[in-house]
Amino acid sequence: MTGPLAWFSALDRKLVRDLWRMKTQALAIGFVIAAGVSVHLLAAGMFSSLEETRRAYYERYLFADIWAPAVRAPDALIAEIRAIEGVQAAEARIRMPALFDMDTMSEPATGEVISLPDAGESSVNRLHLARGRTPAYGQRDEAVVLQAFADAHGLDVGDTVPATIYGGRSDLRIVGVALSPEHVYAIAPGELVPDDRLFGVMWMGRRALARAVDQDGAFNEAVVRLSRGASEAAVIAELDRILDPYGAPGAYGRSDQISDAFVSSEMDQLGTMGRVLPPVFLLVAAFLVNVVVGRMIAVQRAGIGLMKAFGYGDWEVTWHYLKLVGMIALLGLSIGAATGAWLGHAMAALYMEYFRFPFLVFRASATDYAVVAAIALAAILGGAAFAVRRAAALNPAEAMTPPPPPDYSKAAGASLTRLSALDQQTRMILRQIIRWPWRAGLTVAGVAASGALLVGTLFFTDAIDAMIDTSFSVANRQDMSVAFTEPRSRAAFHAIARQPGVMAAEPYRSVPVRLRQGPAEERAAIIGTPLDARLSRLVDARGRPVSPPPGGLVLTDDLAARLGVRAGDIIAVEAAEGRRPSMEMPVSAVATSYVGSGARMEIGDLNRVMGEGPLVSGAYLSVDPEAADALYERLKNAPAVAGVGLQTLAMERLQEMMDENLGTSLFVFVTFAGLIALGVVYNSVRISYAERQRELASLRVLGFSRMDVSYILLGEIALLTLLALPVGAAAGAGLAWYLAQAMSSEMFRMPFVIAPSTFGFAALVVLAITAGASLLVRRQIDRLDMAEALKTGE
Amino acid sequence: MKPVEESPAAQGRPCFVTRGLTKVYGSGPAAVQALRGVDIELPEGEMVVVLGASGSGKSTFLNIVGGLDTATAGQVLFRGQDMSRANHRELTRYRRRHVGFVFQFYNLMPSLTARENVALVTEIAENPLTPEDALALVGLEQRLDHFPAQMSGGEQQRVAIARAIAKQPSVLLCDEPTGALDSATGIRVLEALKTVNDDLGATTLLITHNASIASIADRVVIFADGNVREVRTNTQKKQPKDISW
Ligand SMILES: Nc1ncnc2c1ncn2[C@@H]1O[C@H](COP(=O)(O)OP(=O)(O)O)[C@@H](O)[C@H]1O
Ligand SMILES: [Mg+2]
């Protein structure tokens, strides 16, 4: 460009002035972009941060790849295990369920005690010591406690915890507080929700623990790290072969390790959220910005004519306006990036509450930033370029006179608008919509999209309520489950059932099994319960209890799907306990289960196929809340009891967790969906206002009040919003359905349930936002300067 | 301002009286004195043509008299009522009941037909003509159901006049109504305005750049630099068809 610097600055001054004049609109567009950008950064950044954190943590603390439990295997075997092809490191250890009697609560805390090598550091599953030290060799009662448990009970180095391990009572002295890669998500087996108070882990010296649980010179679990590229399946097969004579139920990999499975499931869900919602936000934002910017520039035709009259070329005019919208895009991007990073940090802190990593730093990658910047800029500049090119193509004189009246003769042929019952203002609204159906459609689509986002995100609470309701009120109605240290006779069950405070009791038998159908193999537990169980049972798709018929097996739907079996098929069952019989069994029904998965049989049938007497693994109890504390006290001291699951507390805790975590993310999504609606409606009305300023001023001159004039402008958006509501509801239902499918994992299946109140709330939010945006524009109408608007210029 | 009683035109009282009418746009060094104390009396029922250089304050005067804008200082009396102290609502009422406006660029509602554009006003007026009668007065009885985009500039301007007169206004205010039209079309528009002035007796103020139009007026007011420089009364009125430019 050859021109003197002077015009450059003159044009740039105009740029700044234009931007200032349209500041509200620029902000509204900026916020829509910011909403799309920050949601995307948040989800993508959170996902990559968690993934990176987990990777680094596992790597540094030598998280195991395979766990191989046994009943009692001789120490010497570990050499054989280390020699397996593909094993990089292996440790033999002792791992025992335990009950902890905490004086801060009456309920017993369930948990486990794990051995640490007496000398040196473990080559698999190292602890991250937060405070203190590991137990000294020869000290029988020293232990390291899991930090989450310690925090929940205010435990610290020097405190003592009474524990029941393998039927024996001992007082463990805390010498250290630690995090462990095996307990990132600290949860008791069979539970749904982590509760730091109710689940504890302690680590003791190998020799001390071996003495306490009668495992001298032996181990009951091998943990293995694989070398790079080794086959997990091959090593598991070898481990099973070696440990088979020692009562091994079968080795398993990380996908069956409870903490990692939960972390993975959580990350899968986050990944899905990240893949589905932010693109929707970003696309809606891009689309709106595109439309809005196009119309905004169309209104600037007089200014464009003036620039061209001064001798600026088409390209210079185009460049000027691209800079203008580019500034708006940058504004949106910076607000979005800052908000996204800020929310990311807040969310990372939230995740740290139940993912126990030693560190979790929120960091969105450069790629994440580049992607959002590219999409936002492309959307906004693309939208502007088209409109600017059209405006620049006008000859200057034409551009500076008011545009000729748009032709309504064709569109208005729509006989509806000829109805003589209509007043002229209403007729104008209808014709405006019919004349510009595309524009009206876009507004409807934009408002509907934000409505859909609202429904699609709020649906989560409905789905989880339904999930909790089915799981706890229909399927698992017990208050408590008691697990024995090993299968016991019926007498043990009756002893529990007779305890004061127990209002109802049902025995259960739980047998770990492998289920096979063709090449598909799944580890699961078959639970045997009495016929017509009233406490714990499976339910069908309509929420009715399903009882396993004699000799038949009932599978949960997710397990059936993974095995590829349907009701009526025969599957191979291999028990991993007792005499470990193998058999073929008919699948007599498939049950719906939102939480957890498994198989059910009648308890007598299960005992029979196991070739055992009437053994029970534990009991489900319904408990009088008044007598609960006394019952807890007796259970804590019962040597046969290995663990106590507290169903009622779990439900409360789940509800609480959902309120906290889901509540926070929902708030974020709802806010952003609201911002999008606000952006659409405000811009839509504001631009209509700019386009029709002359018309509105004329109406005021003719003696119409501000109210009358507002009706013409705001009546249109009100009508379009009303049209958008059902569209948004339908699209929201679709989005919810898709999310329900996409977010379901092995742990949770999301039911597709949307409460009427969700639709109502979403509609209310959209209507409130329309009203708010309308009020903003209404203020402009009130200030409409008739004399000014009717001049020739603008 | 109290509602102006529907007094029959004459009774010798002037339609508008202004005293020291002043309008300043902006403030400080950027302030523009658009009107500098205008004193004038305009009798009922007259056809008044307003002439003056561009920027001399004609439109500002018309806008204040028509209740579109308020004066910075001074008074406007409409049939003896002081409008300077009227609020927004009262000004809206005043425009609705008494004033018909015609602009250089017509300002029709593009989404409404000729008939509907007029009906827009008759629906809120107290004693209106029917839209059909109003359009017949300006010679558009054949174009009732045409949209603005389907009409020529002159036709659009005549619809605007029909819209302005349909409420049977007390005053008709026209800001360069022929400015965007060729001579022949402009004359048709002037004829329409004259018919209205004769038939309905509305006091008519007509701003123009075109000195030859002055010969159709009862009275000619010439603005210069924010004030009235000269007021002439025509003894011999010409018919619109007898002038040309
Ligand atoms: N809204 C406004 N703001 C600032 N100055 C104005 C405004 N409207 C008119 N003016 C100024 O007031 C003076 C009179 O304008 P106007 O009444 O439009 O003149 P005319 O109609 O005779 O051409 C001019 O100098 C004009 O620039
Ligand atoms: Mg003027």
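All values reported here derive from a predicted model rather than from experimental measurement.
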Atom group of B:D69 that falls short of 4.5 Å from chain A, counting heavy atoms: side chain

The reported gap from CG in A:D423 to CD1 in B:I124 (rounded to nearest 0.5 angstrom) is 11.0 Å

Spacing of A:M428 atom CE and B:N117 atom CG [to the nearest 0.5 Å]: 8.0 Å

Rounded to the nearest 0.5 Å, how far does CZ of B:R95 lie from CE of A:M786? 3.5 Å

Between A:R431 and B:E116, does the side chain to side chain contact (heavy atoms under 4.5 Å, CB included) criterion hold? Intermediate values first, please. CA-CA 12 Å; A:R431 288 204 182 137; B:E116 291 160 355; 2.5 Å; yes

What part of B:T60 lies closer than 4.5 angstrom to a heavy atom of chain A: side chain, backbone, both or neither? neither

B:H146 portion near chain A, given a 4.5 angstrom heavy-atom threshold: neither

Under 4.5 Å, heavy atom to heavy atom, which residues of residues 703-715 of chain A contact chain B? A:G703, A:F704, A:S705, A:R706, A:D708

Of the non-hydrogen atoms in B:P110 and A:Y408, which two are nearest, and what is the gap between them? O-CD1, 3.1 Å

Chain A heavy atoms under 4.5 Å from B:L68: which part of the residue, side chain, backbone, both or neither? both

Rounded distance [0.5 Å steps], CZ in A:R694 versus CG in B:N107: 4.5 Å

Interchain contact, B:R89 with chain A, by part (heavy-atom threshold 4.5 Å): neither

What heavy-atom pair brings B:Q150 and A:D407 nearest, and what distance separates the two atoms? CG-OD1, 4.5 Å

Point-to-point distance, once rounded to the nearest 0.5 Å, from OH of B:Y106 to OG of A:S698: 13.5 Å

Criterion side chain to side chain contact (heavy atoms under 4.5 Å, CB included) on A:R700 and B:T92, from CA distance to verdict: CA-CA 7 Å; A:R700 292 280 285 128; B:T92 301; 3.4 Å; yes

Minimal heavy-atom distance between B:L120 and A:L702, with the atoms involved, is CD2-CD1, 4.3 Å

